[in-house]
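These notes concern the structure reproduced below.
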Amino acid sequence: MTGLVAAVILVPIVLGILLLILRRLSPWARNLIAVLGSAATLGLAIVLWVTAGPGSHNLWLMGVLGAAPVPLLMVDGIGLLLVVLFSFVWLLVTIYSLSYMKDYPFQDDYYGFLLVMLGSMVGFCLSQNLLMIYLFWEVAGMATWRLVAFYRNDREIRAATKTLFMTFTGSVLMLVGFAGIFVEHQTLNVNSLAGSGISIWASLLILVGMITKSASLPFYIWLPDAHTAAPSPMSALLSGIIAKIGLIAYLRIFIQSQVVLPSWWPLLVAGLGVGGSLLAAGCALRVKDYKRVLAFSTVSQLGYIFIGFAFAEGFGLMAGVIYLVAHCLAKAGLFMAMGIVERTTHKRNIDELSGLAHSMPVTAVSCAVLMLSIIGLPPLLGFFGKFYVILAAVKGNLVIATGGIIAAVMTVLYMLRVYRMFTGEPREGITGRDSGVMTTVVVVLAAASLVLGFLFPYLSRFLDQGIVAAL
Amino acid sequence: MIPFLVCVLLFLFGLYAIVVKRNLIKMIIGFCFMEYAVNLFFAFAGFKREALAPIITDPDMARNFVDPLPQALVLTAIVIGLATTALMLALAMRIYAKYKTFDITEIRRLKG
Amino acid sequence: MRGMTSIVQTVAGLVAGMLFLYGCYITLHGHLTPGGGFAGGVIVAASFILMSLAFGSVEDSERSSYRFSSFFESLGGLLFLGVGLVGYFAGYAFLNNLWAMVGRPLHLVSGGIIPLANIAIGLKVGAGLWAIFLALGASQYVMKEGP
Amino acid sequence: MTEIYVVLIAMLAAAVVAIEVKDLLAAAVAMGMVGFSVAIAFILVQAPDLAIVQIVVEILTVVFFAAVILRTTHTDTTVGKRLKQELVFPAVVYGGFALLFMVLACRVFSELPAFGEPVMRVARDYIAIGLQQTGAANLVAAVILDFRAYDTLGEVVVLFTAVVGVLTVVRRLGRKADKKPEEK
Amino acid sequence: MDRLVPLFVVLPLAGAFLVPLLAKLWRGLTDITANLVGAVLVGLSVYGLVHLATGSPAVVYKMGGWMPPLGITLVYDSLSALVVLITNLVGFPALLFSVRYLDKFTGRWRYYTLFMLLLAGMNGVAISGDMFNMFVFIEIAAIASYALVAFGTEAEELEAGFKYMVMGEIGGLAILFSIAMLYAKTSTLNMADMSQVLARMGQTPWFWLVLGPMLVGFAIKMAMVPFHSWLPDAHLSAPAPVSAMLSGVFIKVLGVYAMVRVVFNVFGLARATAPAFFNMLVGFGLVSIIAGGLLAITQKNYKRLLAYSTVSQVGYILLGFGIGNHWAIVGALFHMLAHAVTKGLLFLASRSVERQTGSREIGTIGGLEKSMPITAWSYILGSMSLAGVPPFAGFFSKLFIILGAVAAKMYWVAILAALFSTVTLGYLLKVINSVFFSRKGVEPTPAKESPPMMLLAMVMLVVLAFAFGVGFKPVLDWVVRPAAEVLFSGLAYARMVLGG
């Protein structure tokens with residue numbers, strides 16, 4: 001079991017570093033390693049799921065900071081779900097990249113960092129120790145930095161620097177908070193905090209770290225730039241997975257640990273969430289670049305998940321997790337679909353595009369499904385997430401619930417705005433094209449959103465078990 | 001106590017030459033003064049009234065000597081002073097060769 | 001460097017020889033009387049400096065004396081280290097005074113490694129200061145084309 | 001001990017001259033005077049070893065100074081200029097610092113053993129066992145070459161360092177003639 | 001080990017004396033001798049660490065066989081072992097780097113001689129148990145470094161050397177003056193003996209006034225902020241391996257190590273007994289962090305930037321010692337180690353860039369990641385370590401210092417320290433972006449990768465920075481904690497030395 005966990009983390013990281021060191025591999029070998037690496041991670045994750053099942057298993061790896069060994073990694077239901085989900089999306093993105101990134105230089109860097117980032121995400125999802133959380137958090141952040149700046153033009157470098165700078169600032173502040181926890185409780189294991197309080201300043205610093213990474217209200221400004229600068233598959237990962245890091249950390253540190261939080265805490269977090277949600281939705285209604293619209297949409301939806309997590313008692317937690325899954329699938333798919341559009345039309349302005357459904361019908365249809373999932377139309381997975389989040393918010397605070405509903409309406413508006421480029425009359429000289437592999441990937445993600453929506457009862461039961469077992 | 005204070009005075013003279021004077025050679029002279037001051041201070045610290053230099057000329061003589069340890073230290077310190085002075089002079093000479101002046105204010109980087 | 005008048009040269013020749021001997025004396029009697037390797041070495045260097053000031057020098061002689069000085073300098077250093085290491089390899093501490101009891105106190109042969117160390121220091125200091133003087137003062141060779 | 005005060009006053013006077021005189025060679029000579037005063041003071045405090053070394057070192061230092069000055073320039077162009085704006089600040093800082101330093105030094109010295117009455121904790125042992133244990137009649141030599149021979153090794157090394165340093169600094173050309181920064 | 005301690009000084013000295021002689025035989029022999037000495041020193045310091053880590057007591061080596069107050073003792077305890085390790089661990093790669101780096105300079109044997117003397121001086125300071133002896137070795141290292149800074153003998157290098165020498169010598173004389181006063185009062189020079197005498201005297205005003213000049217001297221050597229002006233010029237002018245040594249090791253051994261040894265073990269100060277003093281250290285540390293960081297951000301020249309960054313990082317070390325509780329001191333010591341390795345690496349890499357492109361200004365070169373990937377990635381990984389990104393060594397030192405600050409309830413200090421690690425990342429990113437990635441305004445500068453020997457040196461340091469991070473647990477338990485223990489035990493040092 002320990003070996004399996006180590007393998008699922010280390011296989012992609014080692015393969016990624018191998019790719020980074022052995023530059024000048026033949027493209028064929030490089031692509032093979034990249035795909036095999038993601039596939040192996042997915043395979044190992046599934047094996048881990050099958051052997052471990054939901055429930056928690058402590059893994060005692062090397063001891064840190066103290067004489068007695070401290071559990072560093074833990075396999076539990078949520079962790080397993082996220083690992084499988086992420087490595088699944090990752091595999092799809094990698095396959096998508098094979099054809100999307102074909103013509104660019106520095107592909108060794110790209111795939112290498114992709115694998116390193118996958119490994120650190122997997123490790124992050126399984127971490128129960130503040131030190132490990134921080135470690136994987138930063139490694140993922142560094143890989144993000146290089147991938148956002150992948151094109152190495154001035155604009156991309158600036159966006160990447162901004163991203164790194166903001167998230168790093170947040171994370172070092174979080175580190176101070178971690179130090180506070182360690183000094184107060186002499187432990188870095190989140191599970192041994194249960195029932196005790198963290199001092200307010202430490203919790204606030206940790207929250208700052210989370211909302212910089214998960215791009216909520218005061219610190220979201222890096223995210224739109226990063227998404228527009230990054231290659232589309234990277235945007236998909238960034239939005240679908242990397243931006244969730246802060247949320248997962250919130251889940252671990254504030255919810256799973258069962259620390260005692262002050263009474264105003266849910267209101268603060270939910271307030272930030274709903275504020276970010278509304279503001280970003282407003283921005284999304286104004287901008288012209290469709291990748292930027294989607295980026296703002298990401299900020300908005302992350303706010304939703306924060307609302308869910310803020311009112312974690314009852315079903316808010318589950319709602320948040322479900323919405324996290326839904327958003328991961330849908331937003332990754334949407335960004336990749338937009339990547340196809342960008343690739344074939346070379347335009348990024350919504351107003352310059354219309355009628356693409358004629359030339360790229362499959363993409364258009366799957367795009368519609370994905371958007372509807374985010375908008376929250378039953379029976380897609382997104383509906384359940386959004387519905388339960390708002391339900392939880394209604395139980396928590398009516399103002400916030402109202403804000404959430406308004407944000408949901410705005411989501412409909414800006415999604416339709418983006419979708420206009422598929423409808424209407426085709427324009428002169430602008431034609432899109434479905435392209436085999438890439439479109440297939442998008443279709444798979446759309447299908448996953450749909451199928452998981454239908455399978456929602458099973459999913460919720462699994463999550464219930466997983467979460468209950470973990471808590 | 002007054003001899004000690006004279007040492008401090010010499011030390012301050014040297015510091016004056018370094019901080020306020022703008023001529024490289026004068027600065028080096030200032031360093032020499034500071035070294036002398038510290039050496040003198042050491043030697044004074046080991047001085048004992050009515051005592052002899054610590055050299056045994058007769059195995060049975062009464063051993064009323066001044067402290068030999070500071071003298072040993074000062075010997076070392078003198079040599080270190082000579083060494084630094086020589087290196088500084090060499091540097092100053094080379095700087096002169098480049099700028100044709102010993103005036104700090106005319107040399108770019110030494111102004112600060 | 002130009003030489004000086006023949007009066008100076010004659011006197012300097014006499015004095016330098018005596019200076020050299022005096023330097024050796026001071027070095028060798030360092031453990032008995034005031035002075036020692038350092039003072040002796042400086043005096044020896046002074047005798048060389050005197051000669052060089054009086055007679056001037058040409059590039060060839062500077063070159064040879066430069067090499068000579070740097071050789072003796074390293075040699076002196078190694079000798080001192082060697083004196084220290086003798087004690088070390090004989091199984092005692094580094095710089096152990098092995099032969100402290102050899103000879104009679106208050107005579108030339110006494111003091112164990114002290115006279116040996118004095119000689120090493122004398123070599124080292126004489127050669128080193130002479131090299132510094134060459135570098136600062138003469139240096140046709142050391143510093144081609146003067147400023 | 002009046003003679004020591006005379007010497008010290010002469011020393012201070014020579015120091016003022018050395019710092020303020022315009023001719024650099026004169027300054028070097030005045031510095032030599034300071035050095036010789038120090039040597040005399042060493043003799044007066046019963047330190048003949050130091051006096052000898054101080055004298056020879058002083059001669060050598062002056063020779064070095066003279067060598068450098070003769071190769072460069074005699075005149076200190078900075079003397080006699082009006083105090084420039086930018087020099088006011090260091091002068092003021094120095095003045096304040098010097099005052100503070102003197103006051104603090106007085107304070108410190110009042111707690112030190114008085115002049116002429118050293119504590120001599122370790123030195124007592126040196127004097128007692130020096131001759132028997134090291135065989136050297138000159139206790140200073142015994143200290144520098146036996147008890148504290150390691151210091152002397154350091155001293156020799158400092159000199160060696162300085163010599164190599166001087167030889168390093170006076171190299172005419174530090175870098176080889178500029179080829180391409182490529183490898184052969 | 002008991003008999004090997006003097007070799008830390010004797011070996012490099014022998015190397016220094018031999019190199020001029022060997023240079024007359026064959027040029028290559030100097031390279032081989034110097035590197036051999038460097039390698040043996042690394043082996044020796046690792047062996048010494050293992051020796052101490054396996055439970056052997058600290059080694060007290062009596063030079064010449066004399067008992068402590070009479071003769072000079074060498075004390076090789078855990079703290080010294082750490083410092084010696086730092087010195088040699090950076091020294092060896094720097095020597096390796098020098099082999100090809102010196103192709104452009106004349107005077108190869110002089111360089112190696114001075115470098116050996118630098119190593120000898122720093123090792124000597126680290127293992128010395130005697131005040132005056134420490135001063136002598138400080139001077140050896142300092143004089144060697146003055147000459148090395150002026151090694152290129154261009155006008156600006158000479159100026160920088162002179163300026164550095166003026167500052168450094170003032171510091172040295174201040175230290176000597178302090179030692180003289182201490183001797184006059186205590187009549188002993190052995191640190192252990194002196195600390196016992198001082199402990200009997202108590203903390204009178206005299207105590208602080210004597211400590212004052214010494215602290216100023218050490219502050220100059222470590223380039224603490226009011227006294228930092230020599231450092232950027234000196235680092236800029238020195239040859240790269242020497243910059244690496246100066247920045248990575250020199251200021252730590254001669255400044256920080258000497259200071260903490262004197263403050264903790266000789267004067268017996270601790271946070272509990274002298275809070276004002278330690279708060280002052282915290283203050284100076286913060287000022288250094290802030291001023292150094294802000295100055296670094298404004299620099300255009302990437303070596304100068306690194307030099308100011310050193311000022312800032314030394315501030316972290318000071319801060320750690322100033323906070324003075326367990327984690328903070330562990331963090332400060334760990335940072336000495338981590339910063340030595342990474343800053344050495346950064347200087348080597350940046351000089352490798354300069355050597356291959358001929359420019360030291362940000363903005364005139366760009367896109368080098370493609371042409372010199374190993375140099376580029378060494379630099380990037382080094383930057384990550386310096387900024388405190390896990391799993392590199394720099395992260396753990398930052399973490400421990402923050403832990404210490406939080407444990408001491410100095411929350412603002414912790415937050416400032418954390419925020420200025422972003423500033424660190426900021427100025428390093430500035431270099432990375434423009435030199436290695438950006439192609440704005442400049443075509444990718446044509447450059448070849450450096451020769452393999454230089455790359456080897458850099459990769460070695462990268463591996464070290466990584467290893468100290470991943471294996472921080474053993475490093476912490478076997479190297480850093482015992483060293484911190486030495487500082488905490490304060491005056492027990494004296495009992496250990498005199499009793500042994």
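Numbers restart at 1 for each chain; the letters A, B, ... are given by sequence-line order, proteins then strands.
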Checking N138(D) against D49(D): is there a side-chain donor and acceptor pair closer than 3.5 Å? yes
With a 4.5 angstrom heavy-atom cut-off, could you sort out which part of [X] is near chain B: side chain, backbone, both or neither?
| X | value |
| --- | --- |
| A28(D) | backbone |
| L24(D) | side chain |
| Y5(D) | side chain |
| F65(D) | both |
| A128(D) | backbone |
| L145(D) | neither |
| Y126(D) | side chain |
| L112(D) | side chain |

Examine F41(B) together with F109(D) and report whether their ring centres are nearer than 6.0 Å. yes
Side chains of [X] and [Y], heavy atoms from C-beta outward: is any pair under 4.5 Å?
| X | Y | answer |
| --- | --- | --- |
| R148(D) | L69(B) | yes |
| L139(D) | I127(D) | yes |
| P48(D) | I43(D) | no |
| L104(D) | L100(D) | yes |
| F42(D) | I52(D) | no |

If we define contacts as heavy-atom pairs under 4.5 Å, which of [options] has the most with chain D?
| options | answer |
| --- | --- |
| I80(B), V74(B), T101(B), I29(B) | I29(B) |
| T84(B), T85(B), L10(B) | L10(B) |
| T76(B), N39(B), L91(B) | T76(B) |
| G14(B), C7(B), A90(B), P54(B) | P54(B) |
| Y36(B), F102(B), F11(B), F65(B) | Y36(B) |

To the nearest 0.5 angstrom, please state how far the CD atom of Q54(D) sits from the CG atom of L82(B).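 Interatomic distance, Q54(D) CD to L82(B) CG, rounded to 0.5 Å: 10.0 Å.
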Check this for me: I2(B), atom CD1, are more than 12 non-hydrogen atoms of other residues, nucleotides or ligands nearer than 6.0 Å? no
Can you tell whether the side chains of E20(D) and K21(B) come within less than 4.0 Å, N to carboxylate O?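 Salt bridge between E20(D) and K21(B), a charged N being under 4.0 Å from a carboxylate O: yes.
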Counting heavy-atom pairs under 4.5 Å with chain B, which one of L159(D), L8(D), V53(D), V143(D) comes out on top? L8(D)
Select one option (side chain, backbone, both, neither) describing which atoms of A51(B) are under 4.5 Å from chain D's heavy atoms. backbone
